Undergrad: 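Dumping the structure here so I can ask a few things about it.
Just so it is clear: chains get the letters A, B, ... in the order the sequence lines come, proteins before strands, and each one is counted from 1. Here the structure is a predicted model, which means the values were calculated and not measured.
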Amino acid sequence: MQYQFQFNSVLAESGFIMQGILLTIYLSIGSIILGSIIAILFSALRANGPRWVGGLVDVYVELLRNTPFLVQLFIIFFGLPSIGIRLTADQAALLAMTLNLAAYSTEIIRAGVDSIHRSQIEAGLSLAMTKRQIFQHVIIVPAIAKVWPALSSQFVLMLLASSICSFISVQELSGVTAIIEQRTFRSFESYIVATLLYLVLALTLKVGLLGLGRLIFPRVSGLSRVQVKGEAA
Amino acid sequence: MIESFGWPEFMFLVRATGWTLVLTVVAFLFGSIVGGAFAIMRLAQSRILRNVASVYILVIQSVPVLMVLFLSYYGLSLAGFDIPPLIAASLSLGIYVSAYLAEIWRGSIEAVPFQQWEASSSLAMTRGQQYRYVILPQALRISVPPTVGFLVQLVKNTSIVSVVGFVDLARAGQLINNATFQPFQVFGSVAVIYFLICFPLSRLSKHLEKVLHVGRTH
Amino acid sequence: MSAVHIENVHKSFGKLEVLKGVSLTVEAGQVVAIIGRSGSGKSTLLRCINGLETIQSGRIEVVGHTVTYTDEKLRALRKDVGIVFQSYNLFPHLTVGQNIMLAPRITKGVPKEEARAQAEKVLAQVGLSEKFDVYPDNLSGGQQQRVAIARSLAMQPKVMLFDEVTSALDPELTGEVLLVMEELARGGMTMLLVTHEMNFARSVADFTVFMHQGKVWEMGPSEELFSHPKTPELAAFVKSTLK
Ligand SMILES: Nc1ncnc2c1ncn2[C@@H]1O[C@H](COP(=O)(O)OP(=O)(O)OP(=O)(O)O)[C@@H](O)[C@H]1O
Ligand SMILES: [Mg+2]
């Protein structure tokens, strides 16, 4: 049996594919920004807040890291309306991705914070800084610089995991691919195209984050990095 | 007819959990074989082999598991295989597993001090013998914590196999929710079950890391 | 025929030339010490002899093998040449007995019983008979190094190379290792040893080679070399080690 590849009908949908790509980018970048902000707040709470708040952060992190992203997405998309919170599929996707990424990033940043030498904190204390000021001015930037590679791979993994949002009919790249597949009956070709596009997106993001790291942390880029592995969402 | 989430529904979830676990194990076994081969290739003396393995690992790790799943599923059926969902799902997930395990195991092999290579080659061992008797036994020990850690990722990633027609825990939850419209109870239960599988594994991985690390330094 | 014959060997790491035309001959049964400052190329020379380092030019012959960089040839050579490293490099996942029996069994096809008998013999030779079933982690540095020597001996090598085998040891543990080596020397083993133990070189080695800047700067019978250095570099080196 010889299969004839036919990409024409798939490529004819390039405008639609482009819409999907844009939504994928929007969701990814949105969740990276929002998730990082939350992660930094959580890290600060964990470092300086009351013990029980730190405990809550830990529980949050463990809950999200030990359940599938898909189930988190279902709870948000199907569950929230039952308590009166209505979200569009796109909003649910962004929320789920943000919360998920926040958990992983908190864990990664924690490793960075832990790696900051005690003498740095003592130096801050002896300069009469408050714990909050020390966290803000002495700890957090070098901590993030140290775990930047791990954070970057986590961000890339989030981009890849955004494909799971097609399960709730979000029309990001895999969502539009599923539709194109049905229109064209060219399943294999559709997914080959989508896969290649994801590959390009992921590698671009990877390189971009590497460059961004050099840009924001120019002086620390030579520092020894804390080894933390990214994990699939 | 709208049912509510009761005992029969819960038992359905439990049975689906069994399938999730079966799928995890089969995908892991398949992925180990392929991944092991790629780990060794990645460290081979031949540059071509090394590059082939690197590209394979990079590509699989840079595309969504969902795409790997779709591509291998449609690829297999285009090649004329009519395979049951369990096998389709395991093979596809196995490909994803192989790339990650290859990378984890390559790291473990490289973590064995190079002096062990020197000492064993000085004792006239072939490369195969060095791997078999000296390097791999030590790498195995180093690889246990990250491998267990990866199992957690795998369990979570099995949740998307409904796209190849497999009814796993997440899919079972969806089916029940479609009948009961009690999303919080249903997906909450599903989440709890996943958590009960994943959390102990995460802990175990961390624990092993500590134990084995201490074991190596004294 | 000499046991080790090194002829005009040049060896570079990238741009750094470490061995600049080294020639040296060791006859069967001789014990030769190699001394010199850090970085003079002593370890590199030793590692070239069993093919752990690749040379750019020159020729090395060891007990009938010409050092040639094919797996086959290197293995044949290494069956006849033992090497002991500064950092012992025992296999941590194997017991002392397994460490010793492994290579003879898998590379020479020695039957199990015979390998065991041989292992017991070499272990007795280094005075550690009672440690057969112990893991390396549970031994002192000195004991580990003696096991490493035993592991090499079990291959029944014709030449033994030692690279600063006592340098990683606490001073009180060096004696037991040197004693083992002294007995080996007395038993007629051909030995090349890089060492910082000048007294040992002087009293045990038949000849001593002084390496300086990647060359054999001076060599001769040990006693004479130490008491009457001919070059100012050696004189300075000997003086500095007496402090
Ligand atoms: N693998 C290598 N790559 C690059 N340079 C090397 C390598 N091994 C050794 N060198 C360099 O070669 C030179 C000689 O090293 P070698 O280890 O032979 O010296 P040595 O005489 O044994 O010194 P020491 O007494 O400190 O052991 C040194 O400058 C060293 O830095
Ligand atoms: Mg040296």
Side-chain angles (χ1 to χ4, degrees), chain A residues 1 3 5 24 62-83 153 156-157 159-167 173-174 177-178 181 186-206 227 229-233, chain B residues 20 58-59 61-75 77-80 96 100 103-104 107 146 149-150 152-160 162-163 169-171 173-174 177-178 181-188 190-203:
Chain A
M1 194 196 80
Y3 182 75
F5 281 96
T24 291
E62 290 301 334
L63 279 180
L64 273 92
R65 290 179 65 224
N66 287 290
T67 49
F69 173 65
L70 177 66
V71 176
Q72 296 163 13
L73 187 65
F74 280 166
I75 291 180
I76 288 172
F77 184 63
F78 296 116
L80 288 187
S82 72
I83 56 168
S153 16
V156 173
L157 284 171
L159 165 80
L160 301 180
S162 71
S163 61
I164 294 175
C165 299
S166 59
F167 276 73
L173 182 51
S174 19
T177 307
E181 175 201 0
R186 287 284 158 190
S187 312
F188 201 44
E189 289 88 338
S190 306
Y191 284 106
I192 286 179
V193 170
T195 301
L196 289 177
L197 290 171
Y198 272 116
L199 190 62
V200 171
L201 284 174
L203 295 180
T204 309
L205 181 61
K206 196 171 172 177
Q227 283 290 323
K229 277 271 163 64
E231 289 178 6
Chain B
T20 287
L58 178 72
V59 168
Q61 292 195 345
S62 304
V63 302
V65 189
L66 189 59
M67 294 299 120
V68 178
L69 220 53
F70 276 127
L71 279 186
S72 39
Y73 180 67
Y74 288 121
S77 53
L78 283 185
Y96 145 76
Y100 281 84
E103 200 57 6
I104 292 173
F150 176 72
V152 178
Q153 313 308 317
L154 174 56
V155 171
K156 289 187 288 179
N157 269 320
T158 60
S159 65
I160 58 171
S162 61
V163 296
L169 176 53
R171 180 65 185 156
Q174 258 180 302
N177 181 52
N178 291 345
F181 299 108
Q182 289 177 297
F184 264 130
Q185 289 90 322
V186 176
F187 292 122
V190 168
V192 167
I193 297 175
Y194 275 114
F195 186 82
L196 290 178
I197 300 169
C198 294
F199 186 66
L201 284 174
S202 301
R203 276 293 141 118

Undergrad: So which atom in B/Y194 and which in A/V71 form the shortest heavy-atom distance, rounded to 0.1 Å?
TA: CE1-CG2, 3.7 Å
Undergrad: Against chain B, label A/S82 side chain, backbone, both or neither, depending on which of its atoms sit under 4.5 Å from a heavy atom there.
TA: side chain
Undergrad: Is it the side chain or the backbone of B/S162 that comes within 4.5 Å of chain A heavy atoms, both, or neither?
TA: side chain
Undergrad: Less than 4.5 Å to any heavy atom of chain B: does that hold for the side chain of A/L203, its backbone, both, or neither?
TA: side chain
Undergrad: Measuring heavy-atom distances to chain A, does B/V152 have an atom under 4.5 Å in its side chain, in its backbone, in both, or in neither?
TA: side chain
Undergrad: What part of A/L159 lies closer than 4.5 angstrom to a heavy atom of chain B: side chain, backbone, both or neither?
TA: neither
Undergrad: Within this structure, what is the CG-OG1 distance for the pair A/L70 and B/T158, rounded to the nearest 0.5 Å?
TA: 10.0 Å
Undergrad: Under 4.5 Å, counting heavy-atom pairs only, tell me which of B/S202, B/G188, B/P183 racks up the most with chain A.
TA: B/P183
Undergrad: If you compare all heavy atoms of B/L71 against all heavy atoms of A/T195, which two are closest, and at what distance to 0.1 Å?
TA: CD1-OG1, 3.3 Å
Undergrad: Which bit of A/L197 is near chain B, if near means a heavy-atom gap under 4.5 Å: side chain, backbone, both or neither?
TA: neither
Undergrad: Test side chain to side chain contact (heavy atoms under 4.5 Å, CB included) on B/L66 and A/F167 and set out the steps.
TA: CA-CA 11 Å; B/L66 189 59; A/F167 276 73; 3.9 Å; yes
Undergrad: Which heavy atom of A/E62 sits nearest to which heavy atom of B/F195, and what is that distance?
TA: O-CE1, 3.5 Å
Undergrad: Angle class for the B/F187/A/F78 ring planes (parallel below 30°, perpendicular above 60°, tilted otherwise)?
TA: parallel
Undergrad: Take A/Y191 and B/M67 through the side chain to side chain contact (heavy atoms under 4.5 Å, CB included) test and state the conclusion after the steps.
TA: CA-CA 7 Å; A/Y191 284 106; B/M67 294 299 120; 3.7 Å; yes
Undergrad: Of all heavy-atom pairs between B/K156 and A/R65, which one has the smallest distance, and what is that distance?
TA: NZ-O, 2.7 Å
Undergrad: Report which part of A/S166 has an atom under 4.5 Å of a heavy atom belonging to chain B: side chain, backbone, both, or neither.
TA: side chain
Undergrad: Roughly how far, to the nearest 0.5 Å, is CD of B/Q61 from CG of A/L157?
TA: 8.5 Å
Undergrad: Let me know if B/Q185 has heavy atoms under 4.5 Å from chain A in its side chain, its backbone, both or neither.
TA: neither
Undergrad: Which atom pair, heavy atoms only, marks the closest approach of A/A202 to B/S62?
TA: CB-O, 3.3 Å
Undergrad: Measuring from atom OG of A/S174 to atom CZ of B/F70, what distance do you get when rounded to the nearest 0.5 angstrom?
TA: 7.5 Å
Undergrad: Nearest 0.5 Å please: distance from the OG1 atom of A/T67 over to the CD1 atom of B/I197.
TA: 11.5 Å
Undergrad: Are the side chains of B/L58 and A/K206 in touch, meaning some heavy atoms are under 4.5 Å apart?
TA: yes
Undergrad: To the nearest 0.5 Å, how far apart are CZ in A/F5 and CG in B/L78?
TA: 7.0 Å
Undergrad: Side chain to side chain contact (heavy atoms under 4.5 Å, CB included) between A/L80 and B/F184: does it pass, once the steps are laid out?
TA: CA-CA 8 Å; A/L80 288 187; B/F184 264 130; 4.2 Å; yes
